[in-house]
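Beneath this line is the structure, given in structure tokens, with notes to follow.
Here is the naming used below: chain letters follow the sequence lines, and residue numbers restart at 1 for every chain. The analysis underlying the following values was restricted to heavy atoms, covering all of them including side chains, and did not include hydrogens, waters or symmetry mates.
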Amino acid sequence: MIPSGFEYHAASSVQDAIRLLTENEDAKILAGGHSLLPMMKLRFAEPAHLVDINGLRELKGIDRDGDVIQIGAMTTENELIASEILQQHCPLLVDAAKLVADPQVRNRGTVGGDVAHGDPGNDHPAVMLALDAEFVIQGPEGERTTPANGFYLGTYWTGLGEDELLTAIRVPVIKTGTGYGYNKLKRKTGDYATAGSPVVLTLDSDVCREIRIGLTNVAPMAIRAEAAEDLLRGQVVTEALIEQAAEQVMAACDPAEDLRGDVEYKTHMAAEMARRSIRDALARARS
Amino acid sequence: MAARAEDINREDALQGIGCSRKRKEDPRFVQGKGNYVDDIKLPGMLFADLVRSPYPHARVKSINKEKALALPGVHAVLTAEDLKPLNLHWMPTLAGDVQAVLADEKVHMQYQEVAVVIADDRYIAADAVDLVEVEYEPLPVLVDAHKALDPDAPILREDLQDKDNVGQGPRRHPNHIFTWEVGDKEATTRAFDTAEVTVKEEMYYPRVHPSPLETCGCVASFDKVNEHLTVYITSQAPHVVRTVVTLISGIPESKVRIVSPDIGGGFGNKVGVYPGYVTAIVASIVLGRPVKWVEDRMEHLSTTAWARDYWMTGELAADKDGRVKGLRVNVLADHGAFNSHAQPTKWPAGFFSIVTSSYDIPAAQVKVDGVYTNKSPGGVAYRCSFRVTEAIYLIERMMDVLAQKLGIDKAEIRRRNFVKPEQFPYKTALDWELDSGDYHTALDKVLAAVDYQGLRKEQEEKRAKGELMGIGLVTFTEIVGAGPSKSCDILGVGMFDSAEIRVHPTGSVMARMGTITQGQGHQTTYAQIIASELGLSSDQIQIEEGDTDTAPYGLGTYGSRSTPVGGAATAVAARKIRAKAQKIAAHLLEVDENDVEWDIDRFKVKGVPGQEKTMKEIAWAAYNNVPEGMEMGLEAVDYYDPPNFTYPFGTYLCVVDIDKYTGQTHVRRFYALDDCGTRINPMIIDGQIHGGLNEGFAVAMGQELPYDAEGNLLGNTFMDYFIPTFVETPHWETDYTVTPSPHHPLGAKGVAESPHVGSIPCFTAAIVDAFAHLGVTHMDMPHSAYRVWQKLHELGLDKHS
Amino acid sequence: MAKQHISFSLNGQQVDALVEPRELLVHTIRETLSLTGTHIGCETSHCGVCTVDLDGVSVKACTVLAMQANGSEVMTVEGLADADGLHAVQQAFIEEHGLQCGFCTPGMLVRAYRFLRDNPNPTDEEIRWGMSGNLCRCTGYQNIIKAVHSAAQKLQQA
């Protein structure tokens with residue numbers, strides 16, 4: 001498994017990376033490389049240019065500013081896990097990162113790469129939907145921000161332009177009264193999800209004031225189960241209601257059959273993961 | 001008492017049989033100094049890479065090499081046309097068939113080798129592979145083995161159309177390979193006709209791949225001046241490879257050197273000869289330069305030897321107390337595009353007829369049909385003796401099915417049918433002679449250790465609450481140590497094995513064997529055998545294997561044959577040396593040979609304390625002071641042809657909990673009791689058992705090489721192909737009894753494969769047992785969450801109330 | 001593609017190499033720099049036999065470009081032992097029979113070395129999780145877990 005030849009460019013700054021993306025036809029960003037390099041080794045991807053952004057220190061790090069946590073796109077999965085800020089203020093991201101791939105891959109794989117690649121199997125996109133995150137994007141025209149909601153358009157198809165670079169992710173702090181859960185079913189360590197579901201919900205004296213249910217790998221892209229959210233919003237969430245929501249989760253699924261399972265299994269597993277995450281989120285919101 | 005303590009010290013100092021000696025192999029491995037095939041770098045070495053077919057069945061219309069040859073750094077592109085003048089475009093398989101080295105006008109499977117590219121390095125070779133233009137005309141594909149013999153099935157092997165026998169008996173259809181039948185049909189039919197109860201179950205044993213972490217590869221180096229060929233190769237049987245190379249190349253064996261260096265795991269996958277090896281050898285002969293070929297993981301999973309792929313139907317006839325009166329088995333075996341399974345040549349279904357296993361079954365009958373399909377060839381023994389895993393799976397499943405039908409406890413039905421200790425040696429209905437066993441003791445020990453009754457009670461309570469818990473129990477007997485050359489050969493060479501031992505003047509030892517370790521620790525354990533036999537410290541004993549220029553001819557390491565055959569050869573060769581040493585000792589002590597006796601590490605004059613000669617002293621004398629008429633030196637060779645196979649056995653028990661809503665399974669407990677006869681190194685035995693259990697777990701819970709209806713192989717990377725990690729792997733509990741083999745010089749039986757053979761049906765049994773109260777009698781592997789959920793869903797158990 | 005010059009520290013020694021941009025770090029280490037202890041197993045970053053230590057973290061060298069190691073510190077299995085002898089993890093793997101065919105062993109050791117630096121006193125579960133990027137076909141993992149525990153004890157006593 002040997003990749004085809006390409007020109008390698010180590011970007012010296014974000015601006016430089018944008019310039020390299022703009023000037024070179026068929027250029028791709030090399031972040032952690034654990035999605036891109038395997039595809040290149042199988043020659044499913046043969047970019048002419050790779051723009052390596054691993055040297056860009058400014059894309060690393062996790063900072064909290066009031067109710068918002070900003071995470072540099074090149075922050076690795078293991079850095080998410082080790083982050084005290086996230087452990088305290090957004091543990092959902094920590095839990096999700098722990099379920100990504102394996103220890104070595106988590107040392108290279110970055111949250112930005114995971115978010116921007118557009119692979120429905122990646123964990124962070126649905127987590128970002130559930131967190132209502134915001135993406136900071138740099139392009140030739142300057143910086144813009146865009147909500148995670150609406151960013152995912154299809155398989156390997158996102159709202160990121162070809163000459164744009166995701167530089168940071170902003171997630172809200174999870175406050176008292178807000179609970180979260182991430183359940184992911186996978187065949188073994190290192191596998192993508194058969195189905196996964198991150199949930200964030202906020203209780204107001206046991207009434208569900210807000211809820212977001214994300215779904216991983218059960219549609220061409222990460223999605224939210226909005227009908228299920230609508231069903232639970234404004235209600236005291238009972239097991240019976242969760243059951244109805246699970247039905248709505250299944251209705252939202254459009255998975256592709258593969259060796260992980262057929263459409264029926266994946267759909268049912270999406271519902272089961274959502275059930276468990278809703279229960280986890282409820283328990284945490286109440287605690 | 002003092003003398004006694006001194007004896008124990010002397011014995012301990014030898015580090016011989018029975019001690020958990022640390023491995024001699026390890027210091028080099030832990031320092032990165034192992035020497036595997038891909039580590040070998042020779043001056044001027046080139047790299048080979050293969051062009052492979054995307055189609056499972058197609059005619060090769062044309063191959064255009066021009067663009068590839070134009071790439072700088074490319075030395076050659078070879079196709080079947082180029083190999084034809086050398087008559088190397090096809091090669092013989094170990095099963096009497098032929099296999100295309102490079103596709104000759106037709107491809108019969110996806111990923112089949114079509115052309116080989118030779119280049120300066122592996123990067124250029126990979127680029128050149130993409131530049132070879134092959135035009136194919138796709139043909140109808142045969143994927144389903146059940147349709148292989150249909151009158152209108154596509155004919156796969158046009159090269160065999162005129163042949164009514166491809167080496168394993170008459171065939172009745174162009175896609176038919178053989179029919180193999182054993183047993184007494186009349187007696188079996190009678191047993192079924194008169195039975196109080198009969199049961200029948202169909203089961204599929206999926207196609208699985210041994211997939212050692214090191215893939216297959218070789219470095220071939222042909223010296224044009226001296227016409228000498230050296231090949232470093234990932235082979236479990238280097239001497240057999242040398243014979244095959246000589247047979248197909250015409251180079252005399254004396255000018256062919258095959259070296260198996262360190263092997264990164266084999267598990268049966270590295271027994272055969274693959275097209276990649278042959279193309280590297282041919283390229284080296286053509287170009288006069290060393291050529292390396294190392295496959296990648298996808299090539300490994302897609303083309304090298306897999307195991308199983310057996311569609312089995314089992315039937316038992318029994319009385320109402322569960323005593324089995326007859327067994328009938330029918331198998332449809334999918335062998336893929338070429339019949340290249342690795343079995344002793346006369347055994348097209350290996351030792352599948354061990355299927356009566358631990359049970360006293362008076363009548364049995366087995367029929368196996370082998371067929372071609374458009375899939376990769378294989379059918380090797382994946383960490384088992386030949387087709388034994390399939391056989392034990394079948395009988396253990398059938399015993400459970402019968403127990404369920406009669407409402408008899410699964411342990412009790414086994415106890416009622418066991419061959420009893422006093423019946424050994426026991427001749428089975430299918431003509432094997434079980435050497436020794438004590439099945440009742442093993443079973444009782446396990447049931448007590450795990451509190452079997454307590455587990456059944458817990459299961460009852462769980463069932464009442466709607467929870468799913470299963471208990472799997474397996475009591476198996478293996479057949480290993482092929483084998484007596486009267487019944488077993490490979491390409492006509494009897495399945496003996498060999499040892500050559502030299503004692504040097506100062507008492508150190510060099511020994512070479514015909515087997516080859518792939519992690520089993522031969523350098524450690526063979527030295528222990530020699531240490532105990534010769535009374536010389538195992539640290540002074542050097543073991544070498546794998547180089548056909550220096551090691552005696554042997555059939556290699558697979559089918560748990562190293563200890564039963566190679567270990568026996570080692571013991572016998574050592575005893576020849578000791579016999580000579582006895583004569584030298586008597587000569588030195590000036591007494592009659594019969595007046596001296598062996599004592600741990602020396603010969604003593606009987607009844608005369610202090611009159612003794614240590615083996616070290618004798619070794620020195622062997623080179624300067626031997627009895628008149630005796631030749632100098634102290635060495636011996638033994639080619640050991642075992643009188644019988646050995647029959648290790650065990651009792652395994654598995655407890656599993658099932659998540660009703662996802663189908664995920666959790667193996668809460670796995671208890672494995674093995675009896676491998678005399679135990680040479682308990683530490684290594686335990687390690688082998690852990691590994692075998694883990695490979696069994698992998699097979700039962702997730703491994704398969706599935707094909708879609710168009711013949712495309714799915715899941716040929718480690719993303720999909722299940723190799724359990726630290727996280728999924730259960731904790732293993734091991735135990736043992738010791739029932740020595742009466743015919744083995746040391747009483748040892750072989751152990752490394754029992755845990756694979758025994759654990760797989762045990763996992764299945766546990767999963768099925770979790771559903772048994774709902775009338776489920778069998779579920780096919782792999783028991784992935786997905787598959788288990790399908791059963792849960794079918795039974796409506798996954799509904800949230 | 002023109003080859004480019006890179007320079008990095010390998011087991012404490014500064015090394016130079018000319019590499020194509022597409023060259024994988026594992027090939028540079030094994031072939032150009034002739035340290036063959038680091039192995040190649042699956043090539044899709046699943047098996048971990050190519051694990052090396054890169055700037056203080058474990059990575060899979062089959063999925064890192066050699067260019068990306070430019071200016072960094074790399075440690076392979078050959079860098080574990082020092083003048084005083086074998087490292088505690090190496091010794092423990094021998095003592096506890098934590099290896100058989102030896103093919104996964106270098107990656108396993110380099111990973112165990114880093115894991116114990118990050119977590120000097122792990123539980124069984126933490127070892128299973130922390131070592132889960134390395135596959136072994138021979139040992140069934142149990143003795144490796146014992147070896148990592150035993151090395152942890154030795155390192156803590158040291």
- [ ] Taking the six-membered ring for Trp and the full ring for Phe, Tyr or His, determine whether the centres of Phe267(B) and His756(B) are under 6.0 Å apart.
- [x] no
TODO: Enter the distance from Phe718(B):CZ to Leu213(B):CG here, rounded to the nearest 0.5 Å.
DONE: 5.5 Å
- [ ] Please flag which part of Glu23(C) lies under 4.5 Å from any non-hydrogen atom of chain B: side chain, backbone, both or neither.
- [x] both
Open item on the list: Out of Asp296(B), Asp121(B), Thr717(B), return the one with the most heavy atom pairs under 4.5 angstrom to chain C.
Closed with: Asp296(B)
Task: Carboxylate-amine/guanidinium proximity below 4.0 Å for Glu31(C) and Lys41(B) - done: no
TODO: Examine whether an atom of Leu109(C) lies under 4.5 Å from a heavy atom of chain B, and if so say whether it belongs to the side chain, the backbone or both; otherwise answer neither.
DONE: side chain
Task: Within residues 116-133 of chain C, residues adjacent to chain B where the heavy-atom gap is under 4.5 Å - done: Arg128(C), Trp129(C), Met131(C), Ser132(C)
Task: Reported CD1-to-OG1 distance for the pair Ile145(C) and Thr729(B), which is rounded to 0.5 angstrom - done: 8.0 Å
Open item on the list: Is Leu35(C) in contact with chain B via its backbone, its side chain, both, or neither, using a 4.5 Å heavy-atom distance?
Closed with: neither
Task: Top contributor to chain B contacts, counting heavy-atom pairs under 4.5 Å, from Asn134(C), Thr44(C), Leu135(C), Thr38(C) - done: Leu135(C)
Open item on the list: Can you confirm whether the side chains of Tyr671(B) and Asp735(B) place a donor and an acceptor under 3.5 Å from each other?
Closed with: yes
Task: Portion of His731(B) that has a non-hydrogen atom of chain C nearer than 4.5 angstrom - done: both
Task: Which residues share a ring pair (Phe, Tyr, Trp, His ring centres under 6.0 Å) with His39(C), sequence neighbours left out - done: Tyr36(B), Phe103(C)
Task: Side chain / backbone / both / neither for Glu96(C) at chain B, heavy atoms under 4.5 Å - done: neither
Task: Region of Glu25(B) in contact with chain C, defined by heavy-atom distances below 4.5 Å - done: neither
Task: Pairwise side-chain contact, Ile40(C) with Cys62(C), heavy-atom cut-off 4.5 Å (strictly under) - done: no
TODO: List the atom of Ala88(C), the atom of Lys154(C), and the distance in Å for their closest heavy-atom pair.
DONE: CB-CB, 4.2 Å
Open item on the list: Taking every non-hydrogen pair under 4.5 Å, which of Met298(B), Arg122(B), Glu728(B) racks up the most with chain C?
Closed with: Arg122(B)
- [ ] Work out which heavy atom in Cys42(C) is nearest to a heavy atom in Ser45(C); give both atom names and the distance.
- [x] SG-N, 3.6 Å
Task: Between Val49(C), Asn143(C), Val89(C), the one whose heavy-atom pairs under 4.5 Å with chain B are most numerous - done: Asn143(C)
Task: Pick from Val294(B), Asp262(B), Asp38(B), Leu301(B) with the largest number of heavy-atom pairs that fall under 4.5 Å of chain C - done: Asp38(B)
Task: Heavy-atom check, side chain of Val380(B) versus side chain of Val271(B), under 4.5 Å - done: no
Open item on the list: For His87(C), which atoms come within 4.5 Å of any heavy atom of chain B: side chain, backbone, both, or neither?
Closed with: neither
TODO: Answer yes if the side chains of Thr525(B) and Asn681(B) hold a donor-acceptor pair under 3.5 Å, and no otherwise.
DONE: no
Task: Best-contacting candidate, Leu693(B), Val727(B), Asn35(B), against chain C by heavy atom pairs under 4.5 angstrom - done: Val727(B)
TODO: Heavy atoms only, distances under 4.5 angstrom: which of Gly692(B), Gly34(B), Pro724(B), Gly266(B) has the most pairs with chain C? Name it, please.
DONE: Pro724(B)
TODO: Side chain from CB out, backbone as N, CA, C, O: work out which of these in Pro755(B) comes under 4.5 Å of a heavy atom of chain C, or both, or neither.
DONE: neither
Open item on the list: Counting heavy-atom pairs under 4.5 Å with chain B, which one of Val77(C), Thr105(C), Thr139(C) comes out on top?
Closed with: Thr139(C)
TODO: Give a yes-or-no answer on whether the side chains of Arg111(C) and Ser58(C) include a donor-acceptor pair shorter than 3.5 Å.
DONE: yes
Task: Distance (rounded to the nearest 0.5 Å) between Ser538(B) OG and Lys24(B) NZ - done: 7.0 Å
Task: Residue selection (most heavy-atom pairs with chain B, distance under 4.5 Å) from His46(C), Gln142(C), Glu78(C) - done: Gln142(C)
- [ ] First locate atom CH2 of Trp306(B), then atom OH of Tyr382(B), and finally report the distance between them rounded to the nearest 0.5 Å.
- [x] 14.0 Å
TODO: Would you tell me whether Tyr526(B) and Thr515(B) have side-chain atoms, one donor and one acceptor, within less than 3.5 Å of each other?
DONE: yes
Open item on the list: Taking side chain as everything from C-beta outward and backbone as N, CA, C, O, which of these in Gln90(C) sits under 4.5 Å from a heavy atom of chain B? Side chain, backbone, both or neither.
Closed with: both
